[in-house]
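Here's the structure, in structure tokens; my notes come after.
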Amino acid sequence: MKLIKYDNYWNDPLADVSQWFDRALGQGLRFPEYLQSMLEQPARGFRLDLYEDGNSYYVVAELPGVAKEDVQVELENAVLTITAKRQVGSNQSASQAEYSRTVTVADNVDPQRVQAQLRDGLLKVTLPKAEHKQPRAITVD
Amino acid sequence: MSQSNTLSPCDKHSTQPPEARRRYLRPHYDISQNEEAYTIRVYLPGVGREQVDVQVEDDRLSIDARRPAYAEDGWKARYQEIVQADYRLRLDLNVPIDQERIGARTEDGVLTLTLPVAEEAKPRRITVE
């Protein structure tokens with residue numbers, strides 16, 4: 001007479017996607033590099049989607065049970081990093097886990113107008129494209 | 001971003017399959033328990049309070065959650081990991097539950113169900129005379 005409790009790694013709602021996808025997205029998958037990244041960072045991630053329309057790029061991530069204060073979104077050059085903290089386990093044995101994903105977006109994003117919204121455990125990051133990406137003319141002296 | 005153009009684009013305008021063949025996702029969930037109640041947390045990212053349906057029939061707990069499409073018209077998918085399907089979870093309760101006092105709430109995409117153990121199933125202390 002027992003409800004079976006699954007409390008292992010594979011049942012962690014946020015942990016089942018490895019950094020593999022990040023690698024595949026960013027640059028071509030190179031095997032030694034992939035192995036290296038596995039050693040450096042344990043696979044802790046969450047699922048995300050990437051969309052685009054005429055005005056913006058959109059990144060949507062699944063973050064159930066994560067409070068607004070515990071989400072950090074950072075854009076550095078063309079690299080978007082989403083970090084989320086989450087309580088794992090019940091009250092008696094609570095611990096905090098950190099999840100992070102990195103996505104390379106195009107470099108024509110206007111960093112001033114980036115917006116992030118978290119609703120019902122779904123994070124939506126809007127990355128507006130810059131109005132005009134001015135080509136920079138370099139004068140030759 | 002040129003590589004990602006080849007990654008599976010979604011066609012969200014395709015026709016919905018009939019009810020019987022529709023795919024459901026089984027959500028992650030965890031259960032904790034004490035003497036008074038079982039607490040089930042079901043992770044349903046993207047599902048609001050109005051879209052969850054919880055039913056108890058005999059010894060079966062049914063959780064159905066409809067996930068609205070979050071992609072807006074005109075969005076082109078560049079890369080996708082999130083599976084677009086509704087959630088469905090069926091749990092058999094093999095413990096007597098006080099069905100009148102089941103509590104449910106959603107917060108941040110997590111559905112928390114409290115199932116109080118029925119009085120007759122609680123451990124009983126027997127006084128030694």
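Computed from a predicted model, the values in this text were never measured in an experiment. Here is the naming used below: chain letters follow the sequence lines, and residue numbers restart at 1 for every chain.
- Seen from the ring of A:Tyr57, A:Lys129 counts as a face-on cation partner, given the 6.0 Å and 45° thresholds.
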Where do A:Glu74 and A:Gln72 land on the side chain to side chain donor-acceptor pair (under 3.5 Å) test, with the steps shown first? CA-CA 7 Å; A:Glu74 258 177 66; A:Gln72 206 186 336; 3.0 Å; yes
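- For A:Lys68, no part sits under 4.5 Å from any heavy atom of chain B, backbone or side chain.
- In the model, B:Tyr70 has no side-chain atom that pairs as donor or acceptor with a side-chain atom of B:Glu72 under 3.5 Å.
- Ion pairing of B:Asp92 with B:Arg60 is present here, as a side-chain N (NZ or NE/NH1/NH2) and a carboxylate O approach within less than 4.0 Å.
- Ranking B:Leu91, B:Thr39, B:Val47, B:Thr112 against chain A, the residue ahead of the rest is B:Val47, based on heavy-atom pairs under 4.5 Å.
- Contact annotation for B:Leu44: only backbone heavy atoms (N, CA, C, O) come within less than 4.5 Å of a heavy atom of chain A.
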